[in-house]
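One structure below.
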Amino acid sequence: MKTAIKTFFNFIHRQQDRDAETRGTFLAKSENFRLLLAANNKALETMAEMQEATRSGSVLGIAHVRAQSLKVAAGVRQMIERLCRMAPGKYEELRGVFNDIVQSMDQTLNAQAARPTGPLILYMADIRAGSMPETGSKMALLGEVRSALGVNVPDGFAVTASAFHLFMERTRLADEINRLIQIHGCRDLEELRALEESIRRAIDLAPLPPELETAMRTACERMGDPLLAVRSSALGEDSERASYAGQFLSKLGVRPRRLPDAYRAVLASLYSATAMTYTLNRGLREDEMVMPVGCMEMVRAAAGGVAYTRFPMGNNGRRIVINAVPGLPCAVVDGSSQADSWVIDRKTMEVLDREIAEKSVRYVLRSDGSVGKEKVYGEACMAPAISETDALRLARTAARIEEHFKHPQDIEWALSRDGRITILQCRPLAVCRFPVSPPPDNDADRPFTLLSGCIPASPGAASGYVFKVGTDDDMLRFPDGAVLLARNARPQLSALLPRASALVTEYGSAAGHLANVSREFGIPALIGAPGAMERLSGVSIVTVNGSTGTIYLGHRQQQIHDAAERNEPRKPTNVTQALESVLTFISPLNLTDPESPDFRPDRCRTLHDIARFCHEKGVAEMFAGGRRPEGSARRLKAGRTMQYWLVDIGGGTSGSDDDKTISLEDVRSNVMQALWKGMTAVQWEGPPPVCVKGFISVLTSAAQNPALSPGAANAMGERSYFIVGRNYCNLQSRFGFHFCTIEGFAGDDPNENYALFQFQGGGADMLRRNARARLVADILELHGFIVEVRDDALFARLEGVSRQAAEQAMAMLGYLLMHTRQIDMVMADPEAILRYRKRFETDIETLMAEMGHEPGTARCAS
């Protein structure tokens, strides 16, 4: 497009035979018109990208939505400024309308919950479920079960959301972090890691407000200065919508004097690469992330683990599942060790199943306060981490907690040496709606089984190339769509899950963080697949069935198909809701009829309305009425007077500028002649035979959009302008139900030659219009055009070709312009698509032959 505009206005600047003063005025107006058109194109392209994002469910951050919104607003503002310069004093009202719309957009994007103004510290004894806005879910739920059920939880306190805001605002970290997000971007793991490092460094260097540091010290002294577990309790964490399982940092064995550093570290984990990946892919708003922090007395656990009050894979709802390891419960949640598993009937409290795993390591709290990993030897490896009595006590406690919250629970617990059970965390458990089922007996894929009997951790089935991840470098090289294979179910791997087709790990538990995130992302997962690293080594494509615990060689379509039917629908996210809200101020087009008395600035309700108004008035100011160096637009004659108007910007026509009409014989522009040849070479046979569904589709669309009514007054429809030069032509118009722009240049220098085509609209529904755009795109791509299709909008360009190839391309565009009219009505019929494709290709080949086409000449040479 830049080449096109540059060449177009090079022509204008080459005019030597014009009155100097008039020419200067015209060139200034031309420059403003050029910038208006360029801004219009950018604004419309960005609008199309935003609309596409709402339909495709693309992964977006709120920072990206805000940046795209600003980009559209900047483009429209540019259009206003250029229009005002073209006609000083005539359109000033647009500025106020624009400001009102942008203010509404800003309010929509920044509509955040009111910030709490509570205390900096809340003690566990004072915390209840209602404390959640200040303490976050983790601390609020612990305070609730302590208060309401008398369940034992660690003593401690929460550093509140108010403290977080104080820290962020006093140090201006909030602004700095937003700036860093804008600078780094969030497109891939490498960018996110760079962002994480920058934010962590900024937080590390920021001093705590003195009153916050004093409050922390006082709270620790009140507890007797114990060793602390400093844990995240972010707003929204541990909720039904987002668990953030394993995404944030916990610092264990923290001495009170080191609490400020631990606090900063936990805050920084809010922006870790894995947490940001989770946030983006769950559609949560990064600008609403707030991190209260829980500070709790460390428990010297003899054993620990996780209890699920329901089976998370969706069946056996009577079962309570308890996973247990010796020492601190870290080994269960980080997947570093196998865990014992107890299955208990929730009604009879009968042990239904018990599996004692071979434990190789355990985490312990050392005497100096640090947390270490110890090797487990001999008989201890197979010794149960807890007794049956303890398992039943845990099951009863878990059932009470579920009963209180009326929702299945995911509970982290610790068992001290004196036999006391302490609840470290409880949160809503996401249970798959569809239960898993065993492989069918007559499974035709059975001969291709590589591994079976693995632990299902997330249902569904998918295939992909196996990619083994053992190091950080492996993570950076992980290809999209691969099956993620790893030894341990480390939570850090969750950063790859949005790009993985499936997950397989040898060690870990379906109760671990990675399993949780797999289920939230809907990624089929097998966690606990012994021998997978060796068995899948050297294998290319496998199919992982996360429902049946089986891995097959190759792509097994039936497995994937059966699993897909059980997928749960995608739910709208915070970011998509924000995007849709802001788009109501951007994309709807209400100003459709330029001849209407309502076509005026105060009727603009969206940025699209303003863009449309500016474009329409820009064209009018440029080419309609008044004294111009190139003369007035002249009406085209071709046997009869037509609804085409022509403006010569220099060398495009012969004859007098004073004439009100012009014949084709007087058109010197080779590009327009080629375009016109394509438009008229084959007579249009009229609209396609109307099927009932296609007709209804048109009626429905037309009823919803008055601009699509065939009889609607529309200057662009009634007046189609050819803007021509000796080797240049631009046509903007409405043909039938679709709007289009065709532009081209065909001279002696191939580097300057090009053909552009923008095409959008139609009378039928979006599905049919998109099918037509795809049909046109396929044909253009065959002839060397670079094409992009977004819904019913098509953007195509061909550059750097010979003069002959550029002329042929313009003829082809002319043909397609005329003959694709109204065929969108029948684009739901595959046979009709095939029929039109064949006919278009035949006609175009004939047209090319008439123009002296040589195979391969109409190809993109750049």
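Residues Arg420 and Asp418 are not paired through a salt bridge, judged by the lack of any N-O separation under 4.0 Å between the basic side chain and the carboxylate. At a threshold of 4.0 Å, the pair Arg231-Glu412 counts as salt-bridged, since one of the basic side-chain nitrogens sits closer than that to a carboxylate oxygen. The residues Glu402 and Arg310 are annotated as salt-bridged, a charged nitrogen and a carboxylate oxygen being separated by less than 4.0 angstrom.
The two residues Ala385 and Ala303 make their nearest non-hydrogen contact at O-CB, 3.5 Å. Here the closest non-hydrogen pair linking Ser341 and Asn323 is CB-OD1, 4.1 Å. When all heavy atoms are compared, the tightest approach of Phe157 to Val159 is CE1-CG2, 4.0 Å. Counting all heavy atoms, side chain and backbone alike, Ser233 lies closest to Gly294 at CB-N, 4.3 Å. For Ile344 against Ala391, the heavy-atom pair with the smallest separation is CD1-O, 3.5 Å. Considering every non-hydrogen atom in both Pro524 and Ala461, the closest pair reads CG-N, 3.6 Å.
Annotation: Glu403, atom CD; neighbour count of heavy atoms from other residues, nucleotides and ligands within 6.0 Å does not exceed 12. The number of heavy-atom neighbours closer than 6.0 Å to CD of Glu221, taken from other residues, nucleotides and ligands shown, is above 12. Annotation for Arg258: atom CZ does not count as buried by contact number, only 12 or fewer foreign heavy atoms lying within 6.0 Å. Around CZ of Arg366, the count of heavy atoms belonging to other residues, nucleotides or ligands within 6.0 Å exceeds 12.
A distance of 7.0 Å separates CG in Leu227 from CE in Met298, rounded to the nearest 0.5 Å. Here the straight-line distance linking atom CZ of Phe248 with atom NE2 of His513 works out to 11.5 Å at 0.5 Å rounding. Atom CD1 of residue Ile320 and atom CZ of residue Arg346 lie 4.5 Å apart, to the nearest 0.5 angstrom. Remark: Lys406 NZ to His404 NE2 distance equals 9.0 Å, nearest 0.5 Å. We find the CG-CE distance between Leu485 and Met533 to be 5.0 Å, quoted to the nearest 0.5 Å. The line from CD1 of Ile127 to CG of Leu122 is 5.5 Å long, rounded to the nearest 0.5 Å.
At distances below 3.5 Å, not a single donor-acceptor pair connects side-chain atoms of Ser232 with backbone N or O atoms of Val266. The backbone N or O of Ala357 sits less than 3.5 Å from a side-chain atom of Lys359, completing a donor-acceptor pair. A donor-acceptor contact shorter than 3.5 Å is absent between the side chain of Arg300 and the backbone of Gly327. Checking side-chain atoms of Ser547 against main-chain N and O of Pro459 turns up no donor-acceptor pair under 3.5 Å. At least one donor-acceptor pair closer than 3.5 Å links the side chain of Asn281 to the backbone N or O of Thr277. Between the Gln425 side chain and the Ile411 main chain, no donor and acceptor come within less than 3.5 Å of each other. Of the possible polar contacts, one joining the Thr505 side chain to the Tyr507 backbone as a donor-acceptor pair under 3.5 Å is found. Judged by distance alone, with hydrogens and angles left aside, the side-chain atoms of Thr309 form a donor-acceptor pair with the main-chain N or O of Gln409 at under 3.5 Å. A donor-acceptor contact shorter than 3.5 Å is absent between the side chain of Arg490 and the backbone of Arg487. In this structure a side-chain-to-backbone donor-acceptor pair under 3.5 Å is present from Arg400 to Leu149.
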Can you list the steps and then say if Leu352 with Arg319 is a side-chain contact (heavy atoms from CB on, under 4.5 Å)?
-> CA-CA 8 Å; Leu352 301 176; Arg319 295 193 303 181; 4.1 Å; yes
Show your reasoning for whether side-chain contact (heavy atoms from CB on, under 4.5 Å) applies to Leu173 and Leu267.
-> CA-CA 11 Å; Leu173 272 172; Leu267 256 57; over 6 Å; no
Is there a side-chain contact (heavy atoms from CB on, under 4.5 Å) between Ser360 and Val376 once you walk through the steps?
-> CA-CA 5 Å; Ser360 55; Val376 178; 5.8 Å; no
Evaluate side-chain contact (heavy atoms from CB on, under 4.5 Å) for Tyr123 paired with Met223, printing each intermediate quantity in order.
-> CA-CA 10 Å; Tyr123 292 96; Met223 291 173 61; 5.5 Å; no
Which is it for Glu374 and Arg362 under the salt bridge (Lys or Arg N to Asp or Glu O under 4.0 Å) test, yes or no, and what are the steps along the way?
-> CA-CA 5 Å; Glu374 289 183 347; Arg362 66 177 179 180; 3.2 Å; yes
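At a threshold of 4.5 Å between non-hydrogen side-chain atoms, the residues Met475 and Leu189 count as touching. Counting heavy atoms from C-beta outward, Val230 and Ser250 have side chains that stay 4.5 Å or more apart. Put simply, the side chain of Tyr244 reaches to within 4.5 Å of the side chain of Thr279, judged on heavy atoms. By the 4.5 Å heavy-atom criterion applied to side chains, Pro209 and Leu166 are counted as neighbours. The side-chain heavy atoms of Tyr263 and Leu208, taken from C-beta on, include a pair separated by under 4.5 Å. Looking at Thr548 and Ser452, their side chains never come closer than 4.5 Å, going by heavy atoms from C-beta outward. Between Lys138 and Cys426 there is no side-chain heavy-atom pair separated by less than 4.5 Å. Between Val343 and Phe311, every side-chain heavy-atom pair lies at or beyond the 4.5 Å cut-off.
Looking at residues two or more places apart in sequence or on another chain, you find a salt bridge (charged side-chain N to carboxylate O under 4.0 Å, His left out) between Asp345 and Arg318.
Side-chain contact, Asn152 with Thr422: a donor N or O sits under 3.5 Å from an acceptor N or O. For the residue pair Ser458/Arg519, the side-chain donor-acceptor check at 3.5 Å is not satisfied. With 3.5 Å as the limit, one finds a donor-acceptor pair spanning the side chains of Asn516 and Asp410. No side-chain donor-acceptor contact under 3.5 Å links Gln247 and Ser272.
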